[in-house]
**Q** 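Here's a structure for you.
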Number of protein chains: 2
Amino acid sequence: MNDNLPARRGRKSEISRGQILDAAARMLRRQGYGNTTLRAIADVAGIQAGSIYYHFASKDEIMDAVLERGVAAVYEAVHDQLAALPVGTDHLKRIETAVIAHLEALLSHGDYTSASIRTYGEVPAAFQQKAQPLREAYVTLWQELLGAAQRDGAIRADLDTSLLRTLLLGSLNWCVEWYDPSQRPVREVAAQAVDVLFRGVVPAYVPPSLKE
Amino acid sequence: MNDNLPARRGRKSEISRGQILDAAARMLRRQGYGNTTLRAIADVAGIQAGSIYYHFASKDEIMDAVLERGVAAVYEAVHDQLAALPVGTDHLKRIETAVIAHLEALLSHGDYTSASIRTYGEVPAAFQQKAQPLREAYVTLWQELLGAAQRDGAIRADLDTSLLRTLLLGSLNWCVEWYDPSQRPVREVAAQAVDVLFRGVVPAYVPPSLKE
DNA sequence: GTCTATACCTGGATAGAC
DNA sequence: GTCTATCCAGGTATAGAC
């Protein structure tokens, strides 16, 4: 009755499992796939290496779980934020919302997202395939966002939205390499990213008649 | 006298050394630091694992050489292209030149640059420190480029150029994750990146009087 | 300068006590 | 559910022949 964990229904197995995943995500994020050892994970999680196998069948299974959870977190964050907008919200506002959601999921939400972004490229091909559907769904989400905006004239017609998408997401994804929460808030990064994306860096043209 | 390698002065040691580095760069690029083994490097280079130690003292020494060469290549490419511009070239043209040079060095020039970009974050701290000065010099180069442009009003005064720099370079660096030479030429990517950077994605405002 | 052979260590994984 | 002990493969690195 003195159960202070509300819906923790059943076993404490879940707790350990979670700690293992947390530890794995943290190490994966900063050391990559090949440098992350089970012993190190166990150490961070506060258990012995052998104990891991009660929760996971192999190292790969842990990695897989971390990566999957990472992309899922970003996908859901963006999807949900977009869904929460009132119907008829204009395209630029929707894009802005998506950028902020993506960045927040990446930078605040933590190790899982960063780990999945950084290590996806160096993981065995089998894993990449497993994560493929979800990744494609995410790409599609953005593609439709940008495509719809372009069709309605909210963004320039002469741009290749597919290329634009990769450039934009690249810019955001790269933040995991340098972002430091103690320097500036995430929203500030997001704000300038959106600003530059929309308006560009060149000052607006001011007709001579209006100058000074 | 039938020496068909012009200035290959001296030893063939240089050839093997080069092959080892090439192989290492290629594997580092796509597998990361921890997954790249000496046996695999030797295999790709066409020699035996033990033979590597005639040329390098350790695995780390190879990695170090690859990383260093990677950043140096990008730095020099951008630096040289900028230096080749006529004096007095305007700021936007200089920025455009730098973007193109950075991307070309990254995507055409190959494995060294990609490897150094992708694995820098997961390499032991000792290496990061060794490469630090050169990386800082590169950052400074960009910072001065953007700062000068802003001082002269070529780019908006309300932007944080430091943040702008990281967002821009992030967008470009991320290209190593997805760029496929068979899909589109590098220049096309560079062109749109510059275009969006300068003008933004929102169509220019057209006064009602000019419409239709 | 490259080979073969091998030492040594660390990593993933298993077995069985508790 | 976690521990200890251990197996085995594969990694870096060395030694010495050629």
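All values below come from the heavy atoms of this structure, side chains included, with hydrogens, waters and symmetry mates left out. Only a predicted model underlies this, so the values are computations on that prediction, with no experimental measurement involved. Residue numbers start from 1 in every chain, and the chains themselves are labelled A, B, ... in the order their sequence lines are given, proteins ahead of strands.
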**Q** Which heavy atom in B:Leu82 sits nearest to a heavy atom in B:Arg94, and how many Å separate them?
**A** CD2-O, 3.4 Å
**Q** How close do B:Ala77 and B:Ala101 get, heavy atom to heavy atom, and via which atoms?
**A** O-CB, 4.0 Å
**Q** Among residues 22-36 of chain A, which residues get a heavy atom nearer than 4.0 Å to DNA chain D?
**A** none
**Q** Roughly how many Å is it from CD in A:Glu61 to P in C:dT14, rounded to a whole number?
**A** 11 Å
**Q** Would you say that B:Tyr112 contacts B:Ile117 through its side chain, given a criterion of any heavy-atom pair below 4.5 Å between the two side chains?
**A** no
**Q** Go through DNA chain D in 5' to 3' direction and return only the first and the last nucleotide with some atom under 4.0 Å of chain B's heavy atoms.
**A** D:dG11 to D:dT14
**Q** Does this structure show an ion pair linking A:Glu122 with B:Arg118, if we count only N-O contacts that are shorter than 4.0 Å?
**A** no
**Q** May I have the distance from A:Leu38 (atom CG) to C:dT14 (atom C1'), rounded to whole angstrom?
**A** 13 Å
**Q** Under a 4.0 Å N-O cut-off, is there an ion pair linking A:Arg39 with A:Asp43?
**A** no
**Q** Flag the pair B:Asp22 and B:Arg26 as a salt bridge only when some basic side-chain nitrogen lies within less than 4.0 angstrom of an acidic carboxylate oxygen.
**A** no
**Q** Is the shortest side-chain heavy-atom distance between A:Tyr179 and A:Val186 below 4.5 Å?
**A** yes
**Q** Using a 6.0 Å distance limit plus a 45 degree cone around the ring axis, check whether A:Lys59 lies over the aromatic ring of A:Tyr33.
**A** yes
**Q** What is the distance, rounded to the nearest whole Å, between atom OH of A:Tyr53 and atom C1' of C:dA15?
**A** 13 Å
**Q** Using atom NZ of A:Lys59 as one end and atom P of C:dG12 as the other, report the distance to the nearest whole Å.
**A** 5 Å
**Q** Provide, to the nearest angstrom, the distance between the CD1 atom belonging to A:Ile52 and the P atom belonging to C:dG11.
**A** 12 Å
**Q** List in chain and number order the residues that pass side-chain hydrogen bond (donor to acceptor under 3.5 Å, both in side chains) with A:Asp90, two or more places apart in sequence or in another chain; answer none if no residue qualifies.
**A** none
**Q** Could you write out each protein N or O paired with an N or O of nucleotides 4-6 of chain C at a distance under 3.5 Å?
**A**
residue	atom	partner	partner atom	Å
C:dT4	OP2	B:Gln48	NE2	3.4

**Q** Using a heavy-atom distance cut-off of less than 4.0 Å, which residues of residues 121-131 of chain B contact DNA chain D?
**A** none
**Q** Any salt bridge linking B:Arg29 with B:Asp111? Criterion: basic side-chain nitrogen under 4.0 Å from a carboxylate oxygen.
**A** yes
**Q** Taking C-beta and beyond as the side chain, do A:Ile95 and B:Val201 meet within less than 4.5 Å on heavy atoms?
**A** no
**Q** Output the rounded distance in Å from CZ (A:Phe56) to P (C:dA13).
**A** 13 Å
**Q** Just grab all the side-chain hydrogen bond (donor to acceptor under 3.5 Å, both in side chains) pairs involving residues 131-148 of chain A, residues at least two apart or on different chains.
**A** A:His102-A:Tyr138, A:Tyr120-A:Gln132, A:Gln132-A:Glu136, A:Tyr138-A:Trp142, A:Gln143-A:Thr161, A:Gln143-A:Arg165
**Q** Ignoring hydrogens and geometry, is there a side-chain-to-backbone donor-acceptor pair from B:Gln192 to A:Leu163 under 3.5 Å?
**A** no
